[in-house]
Amino acid sequence: MAQSTPALSRLVVGNWKMNGGPDQLYAAAAIARATAEDTPEPRIAICPPATLLHRLSHVLMGSAIMTGGQDCHVEAAGAFTGAVSAGLLAEAGARVVILGHSDRRQGSGEDDALVARKIAVAIDAGLEPIVCVGETWAQRNTGQALEIVRRQVRGSLPPALAGQAFAVAYEPVWAIGTGERASEDDIAEMHRAIRRELSEMFLGSRSAPILYGGSVTPEGAAAILAAPEVGGVLVGGASLRAESFVAIIEAAREADRPARETRRADRD
Ligand code: PGA
């Protein structure tokens with residue numbers, strides 16, 4: 001059914017979090033070599049710590065891999081010691097930015113309203129926001145997961161996103177960095193709910209991919225990517241090693257194959 005087929009090629013995003021010295025650039029170069037095929041699918045991005053962004057963008061220049069930030073400041077400019085603005089990320093080569101990650105919602109007290117303002121600033125700087133939402137284990141256990149995530153989607157995504165490139169990442173908080181991931185059924189249920197919200201909020205637009213994140217591994221990637229409405233994955237730990245990240249990219253390329261062949265047939 002067309003309803004369950006993502007409209008665009010999948011998006012695979014690596015979130016290096018607070019990891020990565022200069023040696024990590026070798027891993028990125030290896031990922032670029034291993035994924036240098038003539039097909040543009042899937043889209044790939046790596047989000048390193050801000051300290052590596054400029055160098056990583058340089059290393060990946062000429063490859064199809066985008067770079068991105070892991071957060072940005074809510075103001076476009078100003079005297080904010082220690083902060084990085086969306087514009088500075090863009091100048092350092094970023095094309096995407098992760099916003100509203102649970103590390104920031106939980107660890108730095110970011111709420112939906114703040115995330116929405118950051119998204120607007122990111123859009124102004126020409127960045128594609130990847131907006132994270134997800135429930136805690138206690139919320140899932142008490143049957144509130146759908147409600148919480150729907151509320152986060154409604155509260156975090158500003159009207160300014162209409163017509164813009166963006167992605168939503170469903171990352172159950174309890175699955176992040178734990179080795180325990182959501183089941184395909186739960187992922188499909190949540191992704192359908194998010195798609196419904198997006199369709200209502202943005203007048204039926206089907207272009208924004210909905211990613212899954214939380215303990216994605218090469219072993220689990222194919223099943224996750226085959227679930228309805230899964231438009232890609234946001235990968236933490238497994239994105240740090242070239243071998244595991246490349247295996248996940250290959251799973252996404254495989255998942256994109258039917259859509260790619262349909263497009264090719266339509267063209268010929
Ligand atoms: P993980 O992290 O893949 O290590 O669980 C995902 C994330 O935090 O985005």
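Start at 1 with the first residue, then count along the sequence. Order of appearance sets the numbers: ligands from 1, and atoms from 1 within every ligand.
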Would Ala238 count as a polar contact of ligand 1, with the cut-off being nitrogen or oxygen pairs under 3.5 Å?
no

Does any N or O of ligand 1 fall below 3.5 Å from an N or O anywhere on Ser215, backbone included?
yes

Look up atom CZ in Arg150 and atom CD in Glu135, then write down how far apart they are to the nearest 0.5 Å.
12.0 Å

Which of the numbered atoms in ligand 1 are under 4.0 angstrom from any heavy atom belonging to His101?
7 (C), 8 (O), 9 (O)

Going by distance only, is there an N or O of Gly177 that falls short of 3.5 Å from an N or O of ligand 1?
yes

Before accepting this row, confirm whether a basic side-chain N of the pair Arg195/Glu229 lies closer than 4.0 Å to the acidic partner's carboxylate O.
yes

Which residue holds the protein heavy atom closest to atom 9 (O) of ligand 1, what is that atom called, and what is the gap in Å?
Glu171 OE2, 2.7 Å

Whether the His101 and Glu171 side chains hold a donor-acceptor pair (N or O, under 3.5 Å, no angle test) is what I'd like checked.
yes

Indicate yes or no: does an N/O atom of Gly213 lie under 3.5 Å from an N/O atom of ligand 1?
no

Protein heavy-atom partner closest to atom 3 (O) of ligand 1 - residue, atom, separation in Å
Gly236 N, 2.8 Å

Side chains of Thr142 and Gln144: any donor to acceptor distance under 3.5 Å?
yes

Taking only heavy atoms of Lys17 into account, list the atoms of ligand 1 that are under 4.0 Å away from them.
2 (O), 7 (C), 8 (O)

Taking 4.0 angstrom as the limit and counting only heavy atoms of Gly214, give me the atoms of ligand 1 inside it, by number and element.
5 (O)

Heavy-atom pair of closest approach, residues Ala169 and Ile130
CB-CG2, 4.2 Å

Would you confirm whether Ser63, through its side chain, and Ile65, through its main-chain N or O, come within 3.5 Å as a donor-acceptor pair?
yes

Please work out whether any backbone atom (N, CA, C, O) or any side-chain heavy atom from C-beta onward of Ala175 is under 4.0 Å from ligand 1, and answer side chain, backbone, both or neither.
backbone

Under 4.0 Å between heavy atoms, the region of Ile176 that gets near ligand 1 turns out to be both

Result of checking Arg105, Arg154, Arg117 against Asp112 for salt bridge (Lys or Arg N to Asp or Glu O under 4.0 Å)
Arg105

Under 4.0 Å from a heavy atom of Gly237: give me the atoms of ligand 1 that qualify, with their elements.
1 (P), 3 (O), 4 (O)

With under 30° as parallel and over 60° as perpendicular, where do the rings of His191 and Tyr170 fit, or are they tilted in between?
perpendicular

